[in-house]
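First up is the structure itself, then whatever we jot down about it.
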Amino acid sequence: MDFETKLDRLAEVAVKVGLGLRAGQEVVMTAPLEALPLARLITRHAYRAGASLVTTFYGDDQATLARFEEGAPESFDTAPNWLFEGMAKAYGNGAARLAIAGEDPALLAGQDPEKVSRANRARSKAYQPALQHIVDFHINWSIVSFASPAWAKMVFPDATEQDAVMKLWDAIFAASRIDQVDPVAAWAAHNARLHDRKIFLNQRRYQALRFTGPGTNLTVGLADGHEWAGGSEVARNGITCNPNIPTEEVFTTPHAERVDGHVRSTKPLSYQGTLIEDISVRFEAGRIVEAHARTGEEVLKRVLETDAGAARLGEVALVPHSSPISKSGILFYNTLYDENAACHIALGQAYNKCIRNFEQMTEDQLLAAGANRSLIHIDWMIGSGEIDIDGVPESGQAEPLMRAGEWVI
Ligand code: ZN
Ligand code: ZN
């Protein structure tokens, strides 16, 4: 299969599996400039599937860099509110949302962390109205990736740029099941496996998960009435979509006040251009009370101070150590990929959809159930082949879920 065919298949998977696009729907797409070839193919497949209108917003890493290098110091609290209000309006009117990821993970590594954090904060705040439609699953949405040269060179620093890009594409195509005979059918089978795990965990109704391993002894209490999710999901508009291409996780909402113990990251976290490595934190009653990192500690600490919920958890996810992305042995410096290589937790905003009957609950009831609130949602990896995980039911007698990083259920 030649490259053009694979790229076309990725576009088809993005539209049919990722979005599950319904004829007559609008699509709002965001993409880095480098992803133009994929964005055009997706646009073509979307119209073929009956899209009424595809509108794409391109981002440019170099323009972002220019802002940090030349922008007036007082200007970093500015965000395009008008753009996100427009997006929120489009989603409110039923548009599907597709994001192509592929930005340079280290773009802002050399920039002033204070400016970066102010700009991120302003952007997150402005993005809230649009993001709410996504996190509450009002609409079908998905993210796929594009192997941009800057990202590829970070993943494969010793290869030439051209080789690095091809290697990254091979990894993206494999993880997205593009190289299988019938990618759409392969996704259906994969979704069925993830659904089986989700159903098992939902039947067990654990009160907490316990993670143990080197540097880690962590109890993650689960939200009252939590629901596990994973694989394809039915959005509230009735459309079945796969929010992440690829995906290997089952995940749920922890209780914002019931996380205790210490935990160490098992992979570097690439956050808005800064690499945060060897994180170790201690939780008390749900809140991080002590945080260290070998690199990027200052950025991590700023992240934790974003708001009251930034030092609490909004997600816990289980991924076997033998997942194809983990087996590739590649560190992608990209959450969409790295989070699917290992069990992870996320700082910040919880997914309401991971709480049963959330549609009928008030905000106060959701908070009482344990849902965390924050402007941020940042996944970082805590799983490896050395981690054991137990489920703790109401009876208190722990049951093994994973041993040495693999499912035992
Ligand atoms: Zn996750
Ligand atoms: Zn997450």
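Counting starts at 1 for both ligands and their atoms, following the listed order.
- If you look at E339 and ask which of its N, O or S atoms sits nearest the Zn ion (ligand 1), the answer is OE1.
- Contact annotation: D379 places an N, O or S atom under 2.8 Å from the Zn ion (ligand 2).
- Using a cut-off of 2.8 Å, one finds that H344 contributes no N/O/S atom close to the Zn ion (ligand 2).
- Classification of the H133-Y91 ring pair by plane angle, with boundaries at 30° and 60°, yields perpendicular.
- In E249, the N, O or S atom that comes nearest to the Zn ion (ligand 1) is OE1.
- The closest side-chain donor-acceptor pair between N372 and H255, if any, does not fall under 3.5 angstrom.
- Counting only N and O atoms by type, the side chains of R177 and H190 include a donor and acceptor under 3.5 Å apart.
- Considering just the N/O/S atoms of E315, the one nearest the Zn ion (ligand 1) carries the name OE2.
- Salt bridge E114/R302: absent, no basic N to carboxylate O contact under 4.0 Å.
- Both the sub-6.0 Å distance and the 45° axial angle are not jointly satisfied by K6 relative to the ring of F3.
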